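Below is one structure, written out as structure tokens; the observations come after it.
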Amino acid sequence: MIRKALISALFAAVATTSAQAQSTPAELTVIPNMNLETIAPVLRNAGLAPQTVTINGEDSLVVPSGDVKLVFRPTVCNPDCAGLLMFSLFQGNAPSNLMNDFNSRTPPTAAYTAQGNTVLSRYLIADHGITTGSLMVNVMVFDNTVTKWLNDRSRTLARSVSVAEQNRIPSNFERETEDYLADMMSRRELYSGLNSHSESY
């Protein structure tokens, strides 16, 4: 998973003393915005392989991590993006008990269903810039929460399956995000977990 590459990139300089455990100059470099041209090189420098895709007319980044696909959508652009929406998409409606339990234990990542599929999302606020180290920690944390979701899902599927649609897409999502998710869901290559034990709920 991504976390192995990120741990190596983020903590290569960590040694036994507290002085050596401080952030490196590269990790403290401020990224001025969340534009793709700005964040893609940071991801590549960490050993990841971001791919540019167009979803609902917007350029986004997809970062593969084993069976997981992390989709990064810059937001609030005028002309520079001040935030980053991170998505991971799973086929089928997750059981409501799985989503409720996950949401109670995993802030600020949210699990919900939309148009018959399950979405995990996390929003990174980056007004006035963010350091490269902080960006990569957020990416690693999101990847870890998606991995936790996969593990929780496997245990839940082993017990029972419910297709009741719960925790629907938040009502305060703007129409553009709903359209973005609709286009994302029409593309099989953007789904996570399709090579795991079960392709859907």
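Keep in mind the model is a prediction, meaning the values are calculated, not measured.
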List for me each residue that meets ring pair (Phe, Tyr, Trp, His ring centres under 6.0 Å) alongside Phe72, sequence neighbours excluded, and say none if there are none.
-> none
Are [X] and [Y] side-chain neighbours, meaning at least one heavy-atom pair lies under 4.5 Å?
X: Tyr180; Y: Thr75; result: no
X: Ile130; Y: Met34; result: yes
X: Met136; Y: Leu43; result: yes
X: Tyr191; Y: Met185; result: yes

Search all heavy atoms of [X] against all heavy atoms of [Y] and return the closest pair with its distance.
X: Leu36; Y: Ser60; answer: CD1-N, 3.7 Å
X: Gly193; Y: Leu150; answer: CA-CD2, 4.1 Å
X: Phe142; Y: Ser88; answer: CZ-N, 3.9 Å

Look at the side chain of [X] and the backbone N and O of [Y], then say whether any donor-acceptor pair between them is shorter than 3.5 Å.
X: Asp143; Y: Val139; result: no
X: Ser192; Y: Lys69; result: yes
X: Asn117; Y: Gly92; result: yes
X: Thr132; Y: Ala26; result: yes
X: Thr118; Y: Ala94; result: yes

Atom pair [atom1]/[atom2] of [X] and [Y] - distance to nearest 0.5 Å:
X: Ser154; Y: Leu98; atom1: OG; atom2: CG; value: 10.0 Å
X: Arg122; Y: Leu70; atom1: CZ; atom2: CG; value: 11.5 Å
X: Leu84; Y: Thr38; atom1: CG; atom2: OG1; value: 11.0 Å
X: Ser23; Y: Leu28; atom1: OG; atom2: CG; value: 4.5 Å
X: Asp179; Y: Glu176; atom1: CG; atom2: CD; value: 8.0 Å
X: Leu181; Y: Arg73; atom1: CG; atom2: CZ; value: 8.0 Å

Quick one: does NZ or CZ of Arg153 land under 6.0 Å from the six-membered ring centre of Phe90, within 45 degrees of the ring axis?
-> no
Not counting sequence neighbours, which residues clear side chain to side chain contact (heavy atoms under 4.5 Å, CB included) with Asp183? List them please.
-> Ile55, Asn56, Ser186, Arg187
Those residues at least two apart in sequence (or on a different chain) that pass side chain to side chain contact (heavy atoms under 4.5 Å, CB included) with Ile125 are Tyr123, Asp127
Let me see the working for Val68 and Trp149 under side-chain contact (heavy atoms from CB on, under 4.5 Å), right down to the final yes or no.
-> CA-CA 11 Å; Val68 169; Trp149 173 266; over 6 Å; no
Consider only side-chain heavy atoms of I, L, V, M, F, W and Y, link residues closer than 4.5 Å, and tell whether Val119 and Leu194 are in one cluster.
-> yes
Return each pair, listed once, that meets salt bridge (Lys or Arg N to Asp or Glu O under 4.0 Å) where at least one residue sits in residues 89-118; pairs must be two or more places apart or across chains.
-> Asp101-Arg105, Arg105-Asp152
By salt bridge (Lys or Arg N to Asp or Glu O under 4.0 Å), Glu37 pairs with (sequence neighbours left out) none
Please walk me through it: do Thr52 and Asp59 pass side-chain hydrogen bond (donor to acceptor under 3.5 Å, both in side chains)?
-> CA-CA 6 Å; Thr52 302; Asp59 283 343; over 6 Å; no
Please report the C-alpha distance between Val53 and Glu189 in whole Å, then the side-chain angles of each, then the deciding distance to 0.1 Å, and finally whether the side-chain contact (heavy atoms from CB on, under 4.5 Å) criterion is met.
-> CA-CA 11 Å; Val53 297; Glu189 72 273 13; over 6 Å; no
Please list all pairs passing the disulfide (SG to SG under 2.5 Å) test where one or both residues lie in residues 24-78, with sequence neighbours left out.
-> Cys77-Cys81
